[in-house]
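Here the structure comes first, spelled out in C-alpha cells, and everything after it is commentary.
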Amino acid sequence: MRPVISIDEMVAETKGPQGRVEVCASAVGDYDEPAGRLTVRLNAFVRPTGTLAPDFHPDWIQLPAPQTVEEHVDYAEAAPLTREMFRAWVKKVRHALESRPAG
C-alpha cells in the first residue's frame, strides 16, 4: 500500500457535561498499485480542549461510525477522490452534531 493523503480537520467546538471539546474528522487514503485500488479510512472523534478527567468519555456526542471505502481508480485520481470523500464525510459529521438533542 502506498500512502496517498492524510487529512485531519476540527469540525466544531462544543461544550458538554465534561467540558469543552473539539469534534474532528479524518481521512487516510492508501493506494494498492497492483490492484489499482484506493482505500480511504474515514473517522470522527472527540478530543478535549482543556484539562478533563482522565476517564473522559464523550458518550453525549453520537458521531458516525468509522467507515472504509474502496474504489478502483488510477493513482492520479486517488488524492482528489480522497479529498472529495473527506468533504462529504465532514458534512455527515456536522449533520450528526446538528441532529443531536440539546443537553
Side-chain angles (χ1 to χ4, degrees):
M1 291 291 245
R2 179 178 175 183
V4 174
I5 190 169
S6 177
I7 310 167
D8 290 301
E9 181 179 309
M10 183 184 76
V11 174
E13 187 174 327
T14 188
K15 185 171 195 248
Q18 296 175 306
R20 295 202 70 75
V21 296
E22 293 177 342
V23 178
C24 303
S26 67
V28 176
D30 293 302
Y31 191 73
D32 180 346
E33 291 186 75
R37 183 179 60 233
L38 170 67
T39 301
V40 179
R41 294 182 314 279
L42 301 162
N43 194 17
F45 57 94
V46 176
R47 64 181 174 212
T49 60
T51 305
L52 295 176
D55 62 343
F56 171 67
H57 297 287
D59 53 4
W60 46 274
I61 295 180
Q62 298 298 313
L63 296 175
Q67 293 183 0
T68 300
V69 181
E70 293 183 348
E71 293 284 338
H72 288 276
V73 297
D74 291 331
Y75 180 75
E77 300 171 55
L81 183 55
T82 301
R83 286 186 196 96
E84 184 179 317
M85 288 180 191
F86 180 69
R87 284 191 298 273
W89 180 250
V90 167
K91 287 180 184 179
K92 187 173 185 175
V93 172
R94 283 195 176 113
H95 179 72
L97 290 173
E98 292 166 0
S99 300
R100 72 183 173 107

Taken to the nearest 0.5 Å, the spacing of Gln67 CD from Met85 CE works out to 10.5 Å
Rounded to the nearest 0.5 Å, the CZ atom of Arg47 sits from the CD atom of Glu13 at a distance of 10.0 Å
Quiz item: Short question: side chain of Tyr31, backbone of Ala79 - any donor-acceptor pair under 3.5 Å?
Solution: no
Donor-acceptor list for residues 38-45 side chains, cut-off 3.5 Å, not counting sequence neighbours:
unit_1 : atom_1 : unit_2 : atom_2 : d
Arg41  : NH1    : Asp30  : OD2    : 2.8

Smallest heavy-atom separation, Ala25 atom then Val90 atom, equals CB-CG2, 4.0 Å
Query - Heavy-atom check, side chain of Thr82 versus side chain of Val28, under 4.5 Å - result: no
Between Trp89 and Pro64, the two heavy atoms sitting closest are CH2-CB, 3.6 Å
In this structure, CD of Glu71 is separated from CD of Glu77 (nearest 0.5 Å) by 10.0 Å
Closest non-hydrogen contact found for Asp8 with Ser26 is OD1-CB, 2.9 Å
Tightest non-hydrogen contact, residues Ala27 and Phe86, listed as CB-CD1, 3.5 Å
Distance col, row Ile7:CD1 vs Arg87:CZ, nearest 0.5 angstrom, shows 8.5 Å
